[in-house]
Amino acid sequence: MIDDRFIYLKIYSRDKKRIIIKRLEEIVKYITATQIPDSIENVHPEFIKVQVILARTNLIRKMRMFGGEGCLKYSECDICDEGHCITILYEDELKEKWGSRYNSIMRAIEDSIKATEGLIITMNNKPIMAKFHNTCGGATENSENVIGNRVMYLRKVLCDYCLNSPNWEGYKEISIEEIEEKLKVKFPNLTPTLRIDMKGFIEEIDRDEEGRIKSIKIGGKMFKGTEIKEILKLDSTRFSIVPKILGVKTCGQGDGLGLCQHGANQMALIGFKFNDIINYYFTGVEIKEIEKPCIKWPLKEKILVIDPGHGGDDNVGVKGHQGLMEKDVVLKISKRLKEFLEKLGAVVYLTRDDDEYVSLNRRAELANKIRPNFFISIHLNSFYNPSIRGCEMYYYKGDIESKRLAECIMDRMVKNINVVNKGIKVAAFFLLREVGASSLHIDIDYITNPEVEKLLQNSEYIDKISESITQGIVEYYKF
Ligand SMILES: [Zn+2]
Ligand SMILES: [Zn+2]
Ligand SMILES: [Zn+2]
């Protein structure tokens, strides 16, 4: 059930292979448990609050209803859990990650979510890019050194709170072959007479004409070639020393942007509160409650063109057996629809508001000048068999936004007035093709069905149709 008090996310689920709707706070819980490193032994509740606020901020920043770009792969979703949007581990994976700490960490996260309800990090009233990393190793980074552009709140700050992090110092051994492969470089051939100098390690190699080593300096001390052969039990004095593995020492872990997780937890342990910690790592930000897009004006700033089909004496559209004409019914529906939509804040244009002839070209021109969010043509259907009834909708191939709008509207029409769903289909009608905006063609019902014809003469029924379309449009914009 959708409850207006909460914020819902549209997620493309990799497991279910479909879109799922989840409460924001539930996803915040999973993301927080995913992002807190298990390398922190003593996870402090204030640090958990920090991570909760980071997760919430990043989600809100991505959500379409807050003006975010959504998932770039599944354009109708806020995020997906495939990995490129955000990594989310669910129960099973989290149990594996946290082991015996699973229950206590999940409970602590739930408490932190309640304690920080609705809080996000903002700058100029917009949610920030709440970056973080495992261990900074002494100082975080200026954004321009990592992502190329200067972000006001991602400034370098000194941090030795992470001194006790197991990742303060790292060491990794990488084989020569791996380096060649990954960096796409080629080292010299490893022949026995290859000369390699490494200051302080191996230097001043002196060979005779046959390539035998006469003398060599190792670790700052001179040896004769024969001495080395003896001591290291080599087969010959014709040898060279070749690198096999490079050992790389590192300081810190992660890209150094934003908040240092081990540092932040340490700050919590010594008594800092979540807001102190956030303000320490993010320069000049504010912690604020989310402002929900206005509930009273759910269609604010949305521009819609409603296109009542046909019109004029020569273009009446289809006709019912009692003489009811499509052009009149669709004009009534469109006018009511305009009123309903405007009450919710939308800006609505009609391609005709009278019984007049308007060419298809003219309708397309009008729409392309206005450049609406949606262009919706309203029509009725007809068939020689009077028993046929039902609603059909058409969108242009590939226009998934119109398809989604059609689904929302159809859903409402079926629920509210019990129409028969005869399908949402692809078509290349002139207006679907020529109007640059997302366009939808709705055949409300069959005027050739006597029962339908009767209903369409009832102004209450007309209102119900217009209301259902309105609700469908609101539904579409809800997520
Ligand atoms: Zn995605
Ligand atoms: Zn640090
Ligand atoms: Zn028509």
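Along the sequence shown, the residues carry numbers beginning at 1. Numbering of ligands and ligand atoms starts at 1, following listing order. Just so it is clear, the values below take in all heavy atoms, side chains as well, and ignore hydrogens, waters and symmetry mates.
- Evaluated for a side chain to side chain donor-acceptor pair (under 3.5 Å) with S143, the options K156, K131, R155 yield exactly one hit, R155.
- The Zn ion (ligand 2) has an N, O or S atom of C136 closer than 2.8 Å.
- Of the candidates H379, R363, R352, D307 forms a side chain to side chain donor-acceptor pair (under 3.5 Å) with just one, namely R363.
- Taking the Zn ion (ligand 1) as reference, H84 places its N/O/S atom NE2 nearest.
- Rounded to 10°, the angle that SG of C71 and SG of C80 form at the Zn ion (ligand 1) is 110°.
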- Message: As a quick check of understanding, evaluate side chain to side chain contact (heavy atoms under 4.5 Å, CB included) for Q261 and I36, giving each step before the final call.
- Response: CA-CA 8 Å; Q261 292 178 299; I36 294 177; 5.5 Å; no

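- At the Zn ion (ligand 3), the angle from ND1 in H379 to OE2 in E326 is 90° when rounded to 10°.
- The structure places CD1 of I447 at 10.0 Å from CD of Q322, a figure rounded to the nearest 0.5 Å.
- A side-chain donor from one of N315 and H310 sits under 3.5 Å from a side-chain acceptor of the other.
- In summary, no N, O or S atom of C77 is located under 2.8 Å from the Zn ion (ligand 1).
- Angle SG(C260) to the Zn ion (ligand 2) to SG(C162), rounded to 10°: 100°.
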